[in-house]
**Student:** 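Sharing a structure here in structure tokens format.
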Amino acid sequence: MDVSVRPGTRQLRLFDPQQPAGVPVWVRLVQTASELAMSGSLLLERWRPVVVGAVAERYRQNARTAQKIAAEAARLFRFMAASGAECWSDVSSALVLEWCWAARRDRSGVHRRAAPATARNRQWTALTVFREAVALGVPIDPEALAGERIPRPKKVESARPLTDEELASARSHADTGLGLSRRPLLLALASAGGTASEIAAVRWSDINLDAGTVHFNGAAARTCLLDEWGICTVRRFVQNRPVQADEFVGVTAAGSIPERAAHSVTVRLGQILQDAGISGRPGVTARSFRLTTARKILDGESIEAAARSLGAVSLDTVADALGHDWRNDG
């Protein structure tokens, strides 16, 4: 039997040329595990396909989850082998924790150390692997091998609206002074209530300077008002640079990889906060720009109007973000 991940794909192969195709996978796994246990073999390479296969079988009702955790389990075995572990007796909690925190290449090809949440997820995978191994007859202590529990990452503090002083500072630092920067445009659209993905998809045809509006497309399609600063910012840009109606306002080639474009928007809004010297303050994030406008709408109109500006369907969610008890209104 062999359970492996084909290079360049996450699809698992599970087969045993020695067994009839009609024999259930779990039966084949148990039979092979019994043979290994009776032989007294503790070689990781021999147990690897059986254990990984058992992990995949445990989550077989959700194919995507099964593929993901089995692929991660296979990585654990490869790491242990590359670290010199040949038998189960060579595996230690220190080795497992080293794997949990090991750096991997990100999408840009840069090696990055695992974030706490990622390390914790890997530790859960390792514990699952060891528990399945014990169920199949391997004489190990899953809890001990998994190591000291990696603590759950602290909850990130919720974003909050900016103060007038913070907003003024962000606006003054939005323009880098290097030609026609698009950063002020991103800030103008964020202040109108757009999310990063919505801002990334805005084209010049979506902006009506005469009406002072911008139309955000997507699941929460809506038309929002640009504030006076935003209108002046957009008008100044188009007066100094010819634009095409179908051209994206704040990013380039947003349609090809929407997620990357949205990430770019978030990063550049974050840079504005950093340049303004307020990024380290509690609750100040890129989302604070849209919440600032929503708070002003709430103060001048209603929680319903604020929710509409954000494209939100839950008044409770909006009220929590703005620190408002809307149930006691009026």
Side-chain angles (χ1 to χ4, degrees), residues 158-162 166-167 170-171 173-175 181-238 243 245-273 276 279 283-301 303-315 317-322:
S158 300
R160 63 164 174 84
L162 300 175
E166 290 170 337
L167 180 59
R171 286 177 171 177
H173 287 83
D175 195 337
S181 169
R182 292 177 183 265
R183 291 206 320 181
L185 298 178
L186 298 179
L187 179 50
L189 297 178
S191 295
T195 65
S197 58
E198 289 171 340
I199 293 171
V202 171
R203 300 175 187 269
W204 287 107
S205 58
D206 295 319
I207 295 179
N208 185 333
L209 281 177
D210 293 331
T213 62
V214 55
H215 184 75
F216 294 117
N217 297 288
R222 63 200 182 283
T223 298
C224 295
L225 291 173
L226 292 163
D227 58 25
E228 185 177 350
W229 182 88
I231 294 174
C232 291
T233 296
V234 175
R235 180 171 285 119
R236 183 168 59 252
F237 188 92
V238 298
V243 298
D246 62 347
E247 178 186 350
F248 291 107
V249 174
V251 297
T252 57
S256 58
I257 308 179
E259 295 81 4
R260 183 177 299 177
H263 176 69
S264 174
V265 171
T266 300
V267 168
R268 285 191 281 172
L269 289 175
Q271 289 173 341
I272 294 175
L273 293 172
S279 60
V284 173
T285 71
R287 186 166 176 254
S288 295
F289 292 120
R290 61 196 305 260
L291 293 181
T292 301
T293 299
R295 180 74 222 192
K296 292 180 179 179
I297 294 175
L298 168 62
D299 293 341
E301 300 181 47
I303 186 65
E304 290 83 4
R308 285 195 296 272
S309 73
L310 296 174
V313 296
S314 171
L315 296 183
T317 300
V318 175
D320 288 343
L322 301 179

**Student:** Is any NZ, NE, NH1 or NH2 atom of the basic residue among E301 and R308 found under 4.0 Å from an Asp or Glu carboxylate oxygen of the other?
**Tutor:** no
**Student:** In Å, rounded to the nearest 0.5 Å, how long is the span from OG of S181 to CG of L187?
**Tutor:** 10.5 Å
**Student:** So, taking the atom named CG in L189 and the one named CD1 in I207, what distance separates them when rounded to the nearest 0.5 Å?
**Tutor:** 5.5 Å
**Student:** If I compare all heavy atoms of L225 with all of A192, which pair ends up nearest, and what's the gap?
**Tutor:** O-CB, 3.6 Å
**Student:** If only atom types and distance count, is the side chain of R295 paired as donor or acceptor with the main-chain N or O of L322 below 3.5 Å?
**Tutor:** yes
**Student:** Which heavy atom of A188 sits nearest a heavy atom of G230, and at what distance?
**Tutor:** CB-CA, 3.8 Å
**Student:** To the nearest 0.5 Å, tell me how far R287 CZ sits from T266 OG1.
**Tutor:** 12.0 Å
**Student:** Over all heavy atoms of both residues, which pair between A321 and L291 is shortest? Give the atoms and the distance, please.
**Tutor:** CB-CD2, 4.0 Å
**Student:** Between S191 (side chain only) and T293 (backbone N and O only), is there a donor and an acceptor less than 3.5 Å apart?
**Tutor:** no
**Student:** What is the minimum heavy-atom distance between A312 and V318, and which atoms define it?
**Tutor:** CB-CG2, 3.4 Å
**Student:** Measuring from I199:CD1 to L186:CG, what's the distance to the nearest 0.5 Å?
**Tutor:** 6.5 Å
**Student:** What are the two closest heavy atoms between H173 and I272, and how far apart are they?
**Tutor:** CB-O, 4.4 Å
**Student:** Of all residues at least two apart in sequence or in a different chain, which pass the ring-ring contact (aromatic ring centres under 6.0 Å, His included) check with W229?
**Tutor:** none
**Student:** Under 3.5 Å, is there a donor-acceptor pair between the side chain of S288 and the main chain of R160?
**Tutor:** yes
**Student:** Between D206 and R203 (side chain of the first, backbone of the second, donor and acceptor by atom type, cut-off under 3.5 Å), is there such a pair?
**Tutor:** yes
**Student:** I'd like to know whether F237 forms a side chain to side chain contact (heavy atoms under 4.5 Å, CB included) with V243, so could you lay out the CA-CA distance, the side-chain angles of the two residues, the decisive distance to 0.1 Å, and finally the verdict.
**Tutor:** CA-CA 9 Å; F237 188 92; V243 298; 4.2 Å; yes
**Student:** Using every non-hydrogen atom in the two residues, find where I303 and L315 come nearest and quote the distance to one decimal.
**Tutor:** O-CD2, 4.0 Å
**Student:** Got a second to check how far R235's CZ is from D210's CG, nearest 0.5 Å?
**Tutor:** 7.5 Å
**Student:** In Å and rounded to the nearest 0.5 Å, what is the OG1 to CG distance from T213 to N208?
**Tutor:** 4.5 Å
**Student:** Does the distance from a Lys or Arg side-chain N to an Asp or Glu carboxylate O, for D227 and R171, drop under 4.0 Å?
**Tutor:** yes
**Student:** Excluding sequence neighbours, so at least two apart, what forms side chain to side chain contact (heavy atoms under 4.5 Å, CB included) with T292?
**Tutor:** P161, L162, L167, K296
**Student:** List in chain and number order the residues that pass side chain to side chain contact (heavy atoms under 4.5 Å, CB included) with R222, two or more places apart in sequence or in another chain; answer none if no residue qualifies.
**Tutor:** E198, F216, A220, C224, R290
